Every structure is written in C-alpha cells, then in structure tokens.
Amino acid sequence: MVAQLTDTERQDALKALPDWDYDANRDAISRKFEFSDFAEAFAFMTRVAIHAEKADHHPEWFNVYNKVDITLTTHDAGTNGGLSRRDVDLAKTIESFL
C-alpha cells in the first residue's frame, strides 16, 4: 500500500503545482491542457505515457483532438485511494514536458 499525503503535505504539494486543481471528493489533482493540434497533444501524451510506464504509475486521462485532461490519484493509497507522493511527482514531471 502507498502512503496517502497528509493534509500538510497535500497543501504544500498544491502550492508547488498552481495550475492543478484539487478534487476533495476523489482526493485527486487534475489539469486540462490544450495544444495547437492533435499531433502535438498526442506527442505530449506519448511522453507522459513513457514516463508513467517506467514509474509504474499511470494517469487517468481523456483526449479529444488538441485537448488532454489528466487526473492523478493513487488507487492503492490509504483505504479508498487518494493523493500520494507518486501523483505529485508525476504532475511535476508532466509540467516539465510543457
């Protein structure tokens, strides 16, 4: 089982990720991305997918043409899943791809 972030850890993480929205109902973070076209959006998703596979931590995402919506939560964190260090690390890596 993966450790869920404490309230303080979550608050600190969200300060470091100002473009990500927190969903208290799911204990997850999400962000919407928009690119110039489908090829750019798909290239971005490919970079994220390669990193996610290596990290063994995969995003929930949705893509339509040039838009990509990503939600990060750890399904095996805590009792019912929730935000973990894995999510924060993946979000920071995603930010570095922009």
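Residue numbers run from 1 in the order of the sequence given. Being a predicted model, the structure only gives us computed values, none of them experimental.
Residues Trp61 and Phe97 are members of one and the same hydrophobic cluster, defined by side-chain heavy-atom contacts under 4.5 angstrom among Ile, Leu, Val, Met, Phe, Trp and Tyr. Placement of Leu98 and Leu17 within a single hydrophobic cluster is found when ILVMFWY residues are connected by side-chain heavy-atom separations under 4.5 Å, directly or transitively.
Residues Asp12 and Lys15 are in side-chain contact: their nearest non-hydrogen atoms beyond the backbone lie under 4.5 Å apart. Met45 is not listed as a side-chain neighbour of Val48, based on a closest heavy-atom distance of 4.5 Å or more. Contact check for Tyr22 versus Ile29: side-chain heavy atoms found under the 4.5 Å cut-off. Residues Tyr65 and Asp37 are in side-chain contact: their nearest non-hydrogen atoms beyond the backbone lie under 4.5 Å apart. Inter-residue side-chain proximity for Phe44 and Ile94 is flagged as met; some heavy-atom pair is nearer than 4.5 Å.
If you take CD on Glu34 and CG on Asn66, they are separated by 4.5 Å, rounding to the nearest 0.5 Å. Atoms OG1 and CG, on Thr6 and Leu83 in that order, are 10.5 Å from each other to the nearest 0.5 Å. For the atom pair CG (Asp23) and CG (Leu72), the distance works out to 12.0 Å, reported to the nearest 0.5 Å. In this structure, CG on Asn63 lies 5.5 Å from CZ on Phe38, to the nearest 0.5 angstrom.
With hydrogens and angles disregarded, a donor-acceptor distance shorter than 3.5 Å links the side chain of Thr73 to the backbone of Asp27. Between the side chain of Asp69 and the main chain of Lys32, no donor-acceptor pair closer than 3.5 Å is present.
In plain terms, the two heavy atoms of Pro59 and Ala52 that are nearest each other are CD-CB, 3.9 Å. When all heavy atoms of Gly81 and Gln4 are compared, the closest pair comes out as O-NE2, 3.6 Å.
Between Arg85 and Glu9 there is no salt bridge, since no side-chain N of the basic residue sits under 4.0 Å from a carboxylate O of the acidic one. Between Asp89 and Arg86 there is no salt bridge, since no side-chain nitrogen of the basic residue lies less than 4.0 Å from a carboxylate oxygen of the acidic one.
If you run side chain to side chain contact (heavy atoms under 4.5 Å, CB included) between Thr74 and each of Leu90, Leu5, Asp87, only Asp87 comes through.
The number of heavy-atom neighbours closer than 6.0 Å to CZ of Phe35, taken from other residues, nucleotides and ligands shown, is above 12.
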